Amino acid sequence: MSQQGHSQVKLADPIKFARDARVARGEVAVAELGRLVDVLSDGSGMVSWVLQGELGEDRKPRLLLSASGVLQLRCQRCLGGLSWPLELSSRLLVVPVGQPIPDEELEDDAQDAIEAVADMDVVALVEEEILLALPIAPRHDDCEVPRPRGGDQRKSPFAVLAGLKGRDGGHEA
Ligand SMILES: [Zn+2]
């Protein structure tokens with residue numbers, strides 16, 4: 001069962017959602033995803049997401065989450081904004097609360113496991129998955145950082161300041 005609000009979407013029973021092959025979808029403003037915004041250069045844009053329940057051939061309940069949008073990452077070289085197309089696709093095994101996650105699932109990189117907590121907050125899940133999908137050190141492809149060419153040619157800010165002070169001193173008296 002899902003409940004549509006502004007950005008509040010909750011799965012009352014994630015395992016039932018998966019078994020019934022239900023689908024929920026929505027859009028959320030990036031600015032509403034506080035933990036994500038913290039690592040971005042700005043919180044503009046929207047993320048669209050689709051959550052699809054599935055009972056696999058192995059009779060295990062899963063959630064297939066996809067999300068897309070454009071995020072403004074921070075370039076790790078020049079610290080400027082960097083548009084990054086988000087195309088997320090996650091496969092999540094739903095495990096009953098309190099049940100240990102089977103080892104083989106942990107070793108499978110193609111999917112993660114999540115606990116089937118009641119009233120699961122889908123937007124929080126979307127944010128979590130986006131955080132996991134972000135590149136660790138995003139950079140502009142053609143990033144150009146102004147670099148000092150040599151010690152002698154470089155003017156330190158203090159030298160410039162000293163020059164200004166000198167001129168100011170000249171106006172005094
Ligand atoms: Zn850059």
Side-chain angles (χ1 to χ4, degrees), residues 2 4-11 14 23-54 62-94 101 105-115 117 120-171:
S2 68
Q4 287 279 352
H6 282 294
S7 62
Q8 283 282 317
V9 181
K10 302 207 169 181
L11 304 187
V23 179
R25 64 184 74 227
E27 266 198 329
V28 60
V30 173
E32 285 187 45
L33 305 174
R35 289 171 59 209
L36 179 61
V37 168
D38 276 354
V39 301
L40 300 178
S41 68
D42 75 74
S44 62
M46 301 287 292
V47 170
S48 310
W49 56 266
V50 179
L51 190 69
Q52 161 88 58
E54 169 193 272
R62 290 190 177 80
L63 297 175
L64 309 179
L65 173 66
S66 57
S68 61
V70 176
L71 301 179
Q72 300 302 317
L73 303 187
R74 193 183 295 281
C75 170
Q76 296 302 295
R77 285 191 77 187
C78 70
L79 302 181
L82 166 58
S83 289
W84 184 70
L86 168 72
E87 285 296 338
L88 172 79
S89 182
S90 296
R91 204 155 170 258
L92 304 160
L93 178 72
V94 189
I101 295 165
E105 305 297 349
L106 290 176
E107 286 164 12
D108 184 351
D109 285 342
Q111 70 177 4
D112 291 320
I114 50 168
E115 279 201 320
V117 292
M120 180 185 285
D121 182 341
V122 178
V123 172
L125 176 65
V126 169
E127 180 174 27
E128 183 70 34
E129 291 298 314
I130 292 174
L131 283 165
L132 291 172
L134 291 179
I136 293 165
R139 287 177 175 193
H140 293 117
D141 285 340
D142 54 351
C143 185
E144 288 187 20
V145 180
R147 272 187 248 179
R149 287 181 190 159
D152 290 338
Q153 291 173 337
R154 187 165 51 147
K155 273 189 181 171
S156 87
F158 299 105
V160 175
L161 259 179
L164 290 174
K165 272 183 186 164
R167 276 208 296 278
D168 284 349
H171 290 295

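Indexing begins at 1, ligand by ligand and atom by atom, following the structure's order. Predicted, not measured: the structure shown is a model, and the values here were computed from it.
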How far apart are the C-alpha atoms of L132 and L88, what are their side-chain angles, what is the distance that settles it, and do they pass the side chain to side chain contact (heavy atoms under 4.5 Å, CB included) test?
-> CA-CA 10 Å; L132 291 172; L88 172 79; over 6 Å; no
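- Residues satisfying the side chain to side chain donor-acceptor pair (under 3.5 Å) test with S44, not counting sequence neighbours, are D42.
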List the atom pairs, donor and acceptor, that lie under 3.5 Å between side-chain atoms in residues 63-75 and the rest of the protein, sequence neighbours left out.
unit_1	atom_1	unit_2	atom_2	d
Q72	OE1	S83	OG	3.3
Q72	NE2	S83	OG	3.2
R74	NH2	L40	O	3.4

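- Below the 2.8 Å limit, the Zn ion (ligand 1) has as protein N, O or S neighbours C75 SG, C78 SG, H140 ND1, C143 SG.
- In this structure, the side chain to side chain donor-acceptor pair (under 3.5 Å) partners of S48, at least two apart in sequence or on a different chain, are E27.
- In this structure, E32 and E127 have side chains that are not in contact, with every pair of non-hydrogen atoms separated by 4.5 Å or more.
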Start with the C-alpha gap between M120 and E115, add the side-chain angles, then the distance that decides, and say whether side chain to side chain contact (heavy atoms under 4.5 Å, CB included) holds.
-> CA-CA 9 Å; M120 180 185 285; E115 279 201 320; over 6 Å; no
